[in-house]
Number of protein chains: 2
Amino acid sequence: MPDRPAKTAKSQRTRAAILKAAQELFAEQGYERATLRDIAARAAIDPAMVIRYFGSKEGLFARATAFDLKLPDLTAVPTDDIGATLVAHFVDVWEGSLSNGSLISLLRAAASSDDAANAIRMIFGGQVVPMLARVVPPMELPMRAGLVATQIMGLAVTRYILKVPPVVAMDRAQLVKLLGPTMQRYVVGKL
Amino acid sequence: MPDRPAKTAKSQRTRAAILKAAQELFAEQGYERATLRDIAARAAIDPAMVIRYFGSKEGLFARATAFDLKLPDLTAVPTDDIGATLVAHFVDVWEGSLSNGSLISLLRAAASSDDAANAIRMIFGGQVVPMLARVVPPMELPMRAGLVATQIMGLAVTRYILKVPPVVAMDRAQLVKLLGPTMQRYVVGKL
DNA sequence: CGCATATGTCAACGTTCGTTGACTTATGGG
DNA sequence: CCCATAAGTCAACGAACGTTGACATATGCG
């Protein structure tokens, strides 16, 4: 039973407040440790409201982690720039300048939830693979998409979850320079 | 207050049984979802025994995730084989032929626990970085170690946690061939 | 203005968790 | 063989969780 109230203008503001608080706490603590009471407290409302708005904790999580990677059209970027473009784009996605920080929530949750892991697989299958399909021969598509996944998810895990110091210390330009060639090879290079 | 009983021979068998059950369940479900009751049930003993043996759930987790990566001496492998050697070694570690599967437990737990994330950082600082230090100039050491971390952790996450199909489908030889060059560049290549 | 309806509050529920203490049973050295 | 000591059992605890229903308040259309 998803969602209930969404009629007036004020309700949509509190609804947005709940979503924002949920995204923050899910991203910081993962699904289990982020409690409805904490989320409600951050949104300055009653825990019961969260249930009234989103039906359940799982329903809230589903809404809080729905998003769009806004991936670029690779046929529009010079072949030699594909790797750098992708690294830069994903850093932007995770840093929150594109979308919100909810991919980190999903990643955290995926560590202990098959549903969340499946959600990430769906995102890859529905967004990353189609993007690559435009510049990669079909036969190599699954393998190259998988390789891209290993490097992109590895960056996310070490930088935003494990917080490995040298990875955290790198800025956007460094990441593009260092990881770009890897991504380039995984997408269009010799394997 | 760590550990208590470890006197007789039979006690060490049940102690080992608890540890094994804990490693399995922590690896399968992560720290929060793996309950002491489930662990005790799998070990066929009383939940109270887990506390008597390991003091607390956190104590058990600390014991269940202590391990040695058994990293090779890189000065003993041909420079051109370093990347392939490392990829093969880490696959073995995760697959469980070396050590046990407890690195996956730690990785899962790190998604929602700063302590677990810190434990992984300690492992990298205490085992991976010293290994690389023997073949990498000190100035480049942190950066190269960080890059290695992104690719290694990315492989672990996509293959053993997210279970991205094409990554799961690759066998050891394929992984070595595909990821080896990346690792090679991160350790000794031009950046 | 009046009142139906949406929004928000409050207290409590049932469950599950980690943990504890008192108890019973098995073990092995003197 | 005895009995101190260890291993193992059992029931219960307090706390925290997601969720619920009854109730109070605010909103906005007629």
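Just so we're on the same page: letters track the sequence lines, and every chain starts at 1.
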A/Asp38 or B/Arg37, whichever maps to the more 5' nucleotide of DNA chain D
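Checking each residue's closest nucleotide, the 5'-ward one belongs to B/Arg37.
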Please compare B/Ala44 and A/Glu32 by the position of their nearest nucleotide in DNA chain D and report the one closer to 5'.
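With B/Ala44 and A/Glu32 compared, the 5'-side residue is B/Ala44.
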Below 4.0 angstrom, N of the basic side chain to O of the carboxylate: do [X] and [Y] qualify?
X: A/Glu28; Y: A/Arg42; value: yes
X: A/Glu32; Y: A/Arg108; value: no
X: B/Glu58; Y: B/Arg63; value: no

B/Asp46: which residues meet the side chain to side chain contact (heavy atoms under 4.5 Å, CB included) condition with it, sequence neighbours left out?
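Once residues adjacent in sequence are excluded, the partners of B/Asp46 under the side chain to side chain contact (heavy atoms under 4.5 Å, CB included) criterion are B/Ala48, B/Met49.
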All side chain to side chain contact (heavy atoms under 4.5 Å, CB included) counterparts of B/Ala22, not counting sequence neighbours
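Counting only residues at least two positions away or on another chain, B/Ala22 forms a side chain to side chain contact (heavy atoms under 4.5 Å, CB included) with B/Phe26, B/Ile39, B/Leu60, B/Ala64.
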Helix axis bend for the helix from C/dC1-D/dG30 to C/dG30-D/dC1 - C1'-based end axes, five pairs, 10° rounding:
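About 0° separates the two local helix axes.
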Check the distance between [N]'s [atom2] and [X]'s [atom1] and give it to me in whole angstrom.
X: A/Arg33; N: D/dG18; atom1: CZ; atom2: C1'; answer: 18 Å
X: B/Asp46; N: D/dT9; atom1: CG; atom2: P; answer: 6 Å
X: B/Arg52; N: D/dA6; atom1: CZ; atom2: C1'; answer: 8 Å
X: A/Ile51; N: C/dC10; atom1: CD1; atom2: P; answer: 17 Å
X: B/Ile39; N: C/dC17; atom1: CD1; atom2: P; answer: 11 Å
X: A/Arg13; N: C/dG8; atom1: CZ; atom2: C1'; answer: 14 Å
X: B/Gln29; N: C/dT16; atom1: CD; atom2: C1'; answer: 15 Å
X: A/Ile45; N: C/dC10; atom1: CD1; atom2: P; answer: 12 Å

Side-chain N or O of B/Thr14 versus OP1/OP2 of D/dA7: is the shortest distance under 4.0 Å?
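So the side chain of B/Thr14 is outside the cut-off, no N or O lying under 4.0 Å from OP1 or OP2 of D/dA7.
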Which of the following nucleotides, [options], is nearest to the side chain of [X]?
X: A/Met49; options: C/dA12, C/dT9, D/dT9; result: C/dT9
X: B/Lys57; options: D/dT19, C/dG18, D/dA7; result: C/dG18
X: A/Tyr53; options: C/dT9, C/dT7, D/dG18; result: C/dT7
X: B/Ser56; options: D/dA7, C/dT20, C/dT19; result: C/dT19
X: B/Leu36; options: C/dT19, C/dT9, D/dT19; result: C/dT19

Is any side-chain heavy atom of B/Ile152 closer than 4.5 Å to one of B/Met183?
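Yes, their side chains come closer than 4.5 Å.
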Between A/Asp73 and A/Thr75, is there a side-chain donor-acceptor contact under 3.5 Å, judged purely by atom types and distance?
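Their side chains do contain a donor-acceptor pair, which is all the 3.5 Å distance test asks for.
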